[in-house]
Number of protein chains: 2
Amino acid sequence: MLAKKTKYGIKALTYLCSRSNNGPIPISVIAEAENISHKFLESILLTLKKGGILTSKKGKNGGYYFLKNPKDIPMAEIIRLLSGPIAMVPCVSLNFYEKCDDCPDEATCGINRLMLEVRDSTLKVLKQKSLYQLTQEINK
Amino acid sequence: MLAKKTKYGIKALTYLCSRSNNGPIPISVIAEAENISHKFLESILLTLKKGGILTSKKGKNGGYYFLKNPKDIPMAEIIRLLSGPIAMVPCVSLNFYEKCDDCPDEATCGINRLMLEVRDSTLKVLKQKSLYQLTQEINK
DNA sequence: TGTAAACCCTACTAAACCGATAGGATATAT
DNA sequence: ATATATCCTATCGGTTTAGTAGGGTTTACA
């Protein structure tokens, strides 16, 4: 299941995306519009900033805005940033690979193969859809 | 990420599947063969019994064996039993549907649509592969 | 140059979940 | 009877999650 952190993050991003070109948008505005705890959202946006998706301006009239073009941000990137690996087992993760501690041999592991297939099909969906596309769908 | 409960469950099932036709197999044998804590495995197998996949015989020479034919058990069914919903948000779950508490309208929710696609592609993989198939792959 | 607005950072907490353990109740083959 | 095995309930330490608290830093602007 998606953690609230991830859900909130996506909602904040689509909100930002739908009202871009108006300069930085403060946390408080996003929090109110999307019904998210201000402080919690603060930490989420910080993660997105460190991940290179957003950037911010401090002080009066400050706020958050895009560093990357939403058309160039696949949903897979957002979800990885906010919830970590997309794969269901570490041994098939592209970005967070780790050997399963309890598995003697990956090459003959049925779970490994199955989850590899699942990862591929999931990733296909999440890489092909950009944040911009998602936002467009909402507003039609 | 897959919980250990699920991983252990699948491993136990593939083990059972690969040495079927020899009558009931006790927990202790499976636990040792697959390196799983005996007590933990106990609760897992109980779940699989309640879910209609396995059944058991008590007392001496007792143990667990299949109620359903492994060829008729899609991996999706096993994973649902052991870890619950396959969907990443409750509002797109087929078997565990729930309205998202923070979502005003599903019809216009971008996350809903995206996760619907993800669910479909994941399910396609998990429904088409049976426990029997998985076991075969391991042993070749 | 003072001040309000806004981001930045660390620490904390309550609740839930996870993996594992403990101990006994129940059933059964011999 | 007794040994063997499943069944059931309860508990526990550790981790994660969602949210809160409080203060530090930067900046626009009067």
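In the text below, chain A, chain B and the rest are named by the order of the sequence lines, each starting its count at 1.
Nucleic acid contact for B:Ile27: sugar-phosphate only, since backbone atoms but no base atoms lie under 4.0 Å from a heavy atom of the residue.
With D:dC7, C:dA20, C:dC8 as the candidates, the nucleotide lying closest to the side chain of B:Phe40 is C:dA20. Out of C:dT26, C:dC8, D:dT20, the shortest distance to the side chain of A:Leu46 is found at C:dC8. If you check C:dT28, D:dA18, C:dA20 against the side chain of B:Lys60, the one that comes closest is C:dT28.
If you take CG on B:Leu67 and CG on B:Leu48, they are separated by 11.5 Å, rounding to the nearest 0.5 Å.
Mapping A:Lys39 and A:Ala3 onto DNA chain D by nearest heavy atom places A:Ala3 at the nucleotide closer to the 5' end. Comparing A:Lys57 and A:Ser37 by the nucleotide of DNA chain D that holds the closest heavy atom to each, the one mapping nearer the 5' end is A:Ser37.
A:Lys127 has no carboxylate O lying under 4.0 Å from a charged side-chain N of A:Glu77, or vice versa, which leaves the two without a salt bridge. In this structure, A:Glu106 does not pair ionically with A:Arg113, as no charged nitrogen and carboxylate oxygen lie closer than 4.0 Å.
Between B:Lys11 atom NZ and C:dG19 atom P the separation is 13 Å, expressed in whole Å. Nucleotide C:dC7 holds its P atom 12 Å from the OH atom of A:Tyr65, rounded to whole Å. Between A:His38 atom NE2 and D:dG19 atom P there is a gap of 15 Å when expressed in whole angstrom units.
Put simply, B:Ser56 has no side-chain N or O that comes within less than 4.0 Å of OP1 or OP2 on D:dA5. Between C:dT30 and B:Asn61, a contact under 4.0 Å exists linking OP1 or OP2 to a side-chain N or O. Checking the phosphate oxygens (OP1, OP2) of D:dA18, no side-chain nitrogen or oxygen of A:Tyr8 falls inside 4.0 Å. Put simply, A:Tyr64 has a side-chain N or O that comes within less than 4.0 Å of OP1 or OP2 on C:dC8.
Donor-acceptor pairing under 3.5 Å, judged by distance alone, is present between the side chain of B:Glu42 and the base of D:dC7.
Defined by atom type and a distance below 3.5 Å, a donor-acceptor pair is present between the side-chain atoms of B:Ser83 and B:Thr6.
Remark: side-chain polar atoms of A:Lys39 are not paired, donor with acceptor, to backbone N or O of A:Ser43 under 3.5 angstrom.
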